[in-house]
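Before any comments, here is the structure.
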Amino acid sequence: MSNYRIYKQQVFETTLKLVDNDLIRLSSGNISMRLPDGNIAITPSGILYDRMEPEDIIIMDLNGNKVEGHYKPSSEKALHYEIYKARSDINAVVHTHSRYAIAFSTVEMELPVICLELLFVGAPIPVAPYQCPGTVEVGTVAAAFFKKRPELKGLLLKDHGLVAIGGNLNDVYQNAYNLETGAEVYHLALQTGKVPNALTEEQIADIFAQYKKP
Ligand SMILES: [Zn+2]
């Protein structure tokens with residue numbers, strides 16, 4: 001039995017959580033984690049997630065070469081490995097084609113820090129310039145943002161969706177969820193015809209002080 005079985009199971013379970021929360025559908029979106037041996041466990045390409053089994057998760061190396069698995073690794077594999085190469089502190093990556101993220105990415109609207117969900121993912125959330133999906137450039141452009149802004153936990157990819165990063169699968173799941181929820185809230189607020197104010201520096205400092213209290 002594969003030494004990777006437990007990691008495949010963890011990526012599989014995170015994928016199902018994202019499906020349950022409607023962040024990923026059909027075979028869109030992909031999830032990965034960096035393993036202790038330096039390889040990456042990643043969702044397969046083109047498999048409907050409601051049909052996927054834990055053993056369908058692929059193991060690849062840091063250059064995207066398959067190490068183990070029946071299918072091809074995700075077509076967005078470069079988005080994952082370029083981020084891991086750029087950030088040694090990041091061990092999990094989620095990419096979704098979730099609706100509100102795609103919507104704001106199409107009009108290149110940055111998400112301001114209007115609520116806790118967006119504060120916790122390092123808003124203002126930028127929109128990375130358009131790159132053809134599946135190319136290495138999608139990864140290098142996103143990785144450059146994360147390298148430049150270490151506090152950023154996610155960003156929008158123009159005309160495409162979102163990518164979230166984290167220290168582990170649980171973190172990255174929450175970051176993807178918060179980013180999509182924040183985008184949805186911003187959309188709903190704009191429907192009133194008013195533009196919501198961003199939290200001030202002082203309000204943000206107070207929030208972090210409050211969270212640090214025992
Ligand atoms: Zn994609």
Side-chain angles (χ1 to χ4, degrees), residues 11-12 14-34 40-52 56-60 62-66 69 71-87 90-111 121 125-146 152-166 169 171-184 187:
V11 171
F12 175 77
T14 304
T15 306
L16 293 193
K17 279 204 290 184
L18 289 158
V19 170
D20 284 348
N21 284 289
D22 210 19
L23 266 79
I24 62 175
R25 298 180 207 170
L26 303 176
S27 64
S28 78
N30 27 79
I31 296 91
S32 74
M33 76 184 288
R34 193 205 304 260
I40 297 164
I42 187 166
T43 44
S45 172
I47 307 297
L48 292 172
Y49 288 133
D50 59 357
R51 303 268 174 86
M52 189 175 71
D56 296 336
I57 302 296
I58 307 301
I59 307 298
M60 66 178 187
L62 205 52
N63 294 311
N65 302 306
K66 188 163 78 172
Y71 300 104
K72 287 194 292 187
S74 165
S75 57
E76 294 292 359
K77 63 184 182 180
L79 177 59
H80 296 253
Y81 69 67
E82 288 295 337
I83 290 171
Y84 292 126
K85 283 181 182 176
R87 289 279 300 272
I90 294 305
N91 295 311
V93 174
V94 162
H95 164 53
T96 75
H97 292 190
S98 44
R99 281 169 289 187
Y100 293 93
I102 299 176
F104 282 109
S105 82
T106 62
V107 289
E108 288 184 88
M109 272 174 79
E110 197 175 78
L111 304 177
V121 291
I125 301 297
V127 183
Y130 179 81
Q131 303 292 337
C132 180
T135 59
V136 174
E137 286 71 26
V138 175
T140 51
V141 167
F145 274 90
F146 289 124
L152 204 57
K153 303 287 196 294
L155 54 74
L156 306 183
L157 302 166
K158 171 95 170 88
D159 303 343
H160 188 169
L162 70 78
V163 57
I165 61 174
L169 284 173
D171 282 350
V172 80
Y173 165 72
Q174 290 189 37
N175 291 338
Y177 183 87
N178 279 333
L179 179 45
E180 177 64 10
T181 302
E184 181 175 4
H187 164 79

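Both counts, for ligands and for their atoms, begin at 1 and track the order of listing.
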Can you tell me how far apart CG (Leu156) and OH (Tyr100) are? Round to the nearest 0.5 Å. 14.5 Å

Going from CG on Leu157 to CG on Leu162, what distance comes out if it is rounded to the nearest 0.5 angstrom? 7.5 Å

Check: His95 ring centre within less than 6.0 Å of His80 ring centre: no

Would you check if there is a donor-acceptor pair between the side chains of Asn30 and Lys77 at a distance under 3.5 Å? no

Quick one: CD on Glu184 to CZ on Phe104, what's the gap to the nearest 0.5 Å? 10.0 Å

Under 2.8 Å from the Zn ion (ligand 1), which protein N/O/S atoms are there? His95 NE2, His97 NE2, His160 NE2

Would you call the rings of His97 and His160 parallel, tilted or perpendicular, taking 30° and 60° as the class edges? perpendicular

